[in-house]
**Q** 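One structure, as structure tokens, below. Some questions next.
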2 protein chains.
Amino acid sequence: MTGKNLAGPKTDVLDLGAVFRALADEHRRSVMTQLAADHSDNERGCNSFDLPISKQTQTHHFRVLREAGLIDEIDYGNRKGIRLRRADIEKRFPGLLALLEAEPSGGPLVAERG
Amino acid sequence: MTGKNLAGPKTDVLDLGAVFRALADEHRRSVMTQLAADHSDNERGCNSFDLPISKQTQTHHFRVLREAGLIDEIDYGNRKGIRLRRADIEKRFPGLLALLEAEPSGGPLVAERG
DNA sequence: CCTCAGGTACGATTCAAGTCATACCTGAAG
DNA sequence: CTTCAGGTATGACTTGAATCGTACCTGAGG
């Protein structure tokens, strides 16, 4: 199974309000900052973001990001892939990803750890 | 009296999180959309935005926008002026105002009234 | 079958934010 | 002085969001 994409809902009806609401949260912004900084746009696992919150809350945050149209979630059953919708975002909101990219990766959550 | 500027607090410490939180609210985003669309950047009165909320709540919203570093508030005692901090915003967050400007002025609050 | 790790669903809690009512301040105009 | 409009301060209410606990589902590997 290649995994089914769960992002269908809001493709071209991206709402700026929903996007700002999504990016208003520190943890979600951390995810988006990391995604924006990685121009390979490879599919990533949910655990690759080192979020200091429970897995239930992570599920919630990824759902918000998906419903805002910022990411795709690929369901593999017992695993999940995350992919930035870079092209769509750039088309509707040009410059938005650049703003996130200009932020220190991970923001105040990661500080310096290496 | 020329009026004293109340915006001093956060000039160069503009926080992207605070900005996104400020723009997450529909009414505040409406204000910013209108300000971004008017390139004359003239000082405007608080009542020029037609917000469908009480004046106490308007005070609250303008305070949030000011504390996020997005506007200046000029206090005339019994009157108040609002001015977009276009140059500062463009410097820290280039492209942000363009995103707002691309939105329909007033957004879903005004609908069409002309 | 069982076990295990990753993820979700539901409910409950906690907290921040938007909103307004009441009361008060400020300056301009009578 | 009084009146009035614009704005603020404080408190209270209400809604929404973030968080987690418990329970359950999913697929891989024994």
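Each chain gets a letter, A, B and so on, in the order the sequences are listed, and its residues count up from 1.
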**Q** Quick one: do the B:S30 and B:Q34 side chains pair a donor with an acceptor below 3.5 Å?
**A**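 Yes, a side-chain donor-acceptor pair sits under 3.5 Å.
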**Q** Are the side chain of B:R83 and the backbone of B:D41 linked by a donor-acceptor contact shorter than 3.5 Å?
**A**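 A pair under 3.5 Å: no.
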**Q** Quick check against the 3.5 Å criterion: does B:R66 have a side-chain atom that pairs as donor or acceptor with the backbone of B:I82?
**A**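 Not at all, since once roles are kept as given, no pair shorter than 3.5 Å links the two residues.
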**Q** Taking CG from B:D75 and P from D:dG7, how many angstroms apart are they, rounded to a whole number?
**A**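 About 10 Å, once rounded to whole Å.
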**Q** Nearest 0.5 Å, please: how far is CG in A:L16 from CD in B:E26?
**A**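 Atom-to-atom, B:E26:CD and A:L16:CG are 11.5 Å apart.
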**Q** Can you measure A:R44 atom CZ to C:dG6 atom C1' for me and round it to whole angstrom units?
**A**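 Roughly 17 Å, once rounded to whole Å.
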**Q** For the side chain of B:R63, counting heavy atoms from C-beta on, which of D:dA9, C:dG7, D:dT26 is nearest?
**A**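 Among D:dA9, C:dG7, D:dT26, the one nearest the side chain of B:R63 is D:dA9.
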**Q** Go nucleotide by nucleotide along DNA chain D from the 5' end; which of B:T59 and A:G77 gets its closest nucleotide reached first?
**A**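 Comparing both residues, the 5'-ward one is B:T59.
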**Q** At how many degrees, to 10°, do the end axes of the helix from C:dC1-D:dG30 to C:dG30-D:dC1 meet when each uses five pairs?
**A**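 For the helix from C:dC1-D:dG30 to C:dG30-D:dC1, the axes at either end differ by 10°.
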**Q** In whole angstroms, how far is the P atom of C:dG27 from the CZ atom of B:R79?
**A**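 Roughly 14 Å, once rounded to whole Å.
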**Q** Please tabulate the protein-to-nucleotide N/O contacts below 3.5 Å involving nucleotides 16-23 of chain C, giving atom names and distances.
**A**
unit_1	atom_1	unit_2	atom_2	d
C:dG18	OP1	B:R28	NH1	3.1
C:dG18	OP1	B:R28	NH2	2.5
C:dG18	OP2	B:R28	NH1	3.3
C:dG18	OP2	B:H60	NE2	3.0
C:dT19	OP1	B:H27	ND1	3.1
C:dT19	OP2	B:H27	ND1	3.4
C:dT19	OP2	B:H61	NE2	2.4
C:dC20	OP2	B:S54	N	3.0
C:dC20	OP2	B:S54	OG	3.1
C:dC20	OP2	B:T57	OG1	3.2
C:dA21	N7	B:Q56	NE2	2.6
C:dT22	O4	B:Q56	NE2	3.1

**Q** When the distance from CD of B:E26 to P of D:dA17 is rounded to whole Å, what number comes out?
**A**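 Value for this atom pair: 13 Å.
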**Q** State the CD-SG distance between A:E73 and A:C46, to the nearest 0.5 angstrom.
**A**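 Rounded to the nearest 0.5 Å, the CD-SG separation comes out at 6.5 Å.
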**Q** Round to the nearest Å and state the distance from B:N47 atom CG to D:dA5 atom C1'.
**A**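 Whole-Å distance recorded here is 10 Å.
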**Q** How long is the line joining NZ of A:K80 and P of C:dA5, in whole Å?
**A**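 These atoms are roughly 19 Å apart.
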**Q** So which heavy atom on B:H27 is nearest to which on B:L51, and how close?
**A**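 Residues B:H27 and B:L51, closest heavy atoms: O-CD2, 4.0 Å.
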**Q** Does any part of the side chain of B:L35, heavy atoms only, come nearer than 4.5 Å to the side chain of B:F49, both counted from C-beta?
**A**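 Yes. Closest side-chain heavy atoms under 4.5 Å.
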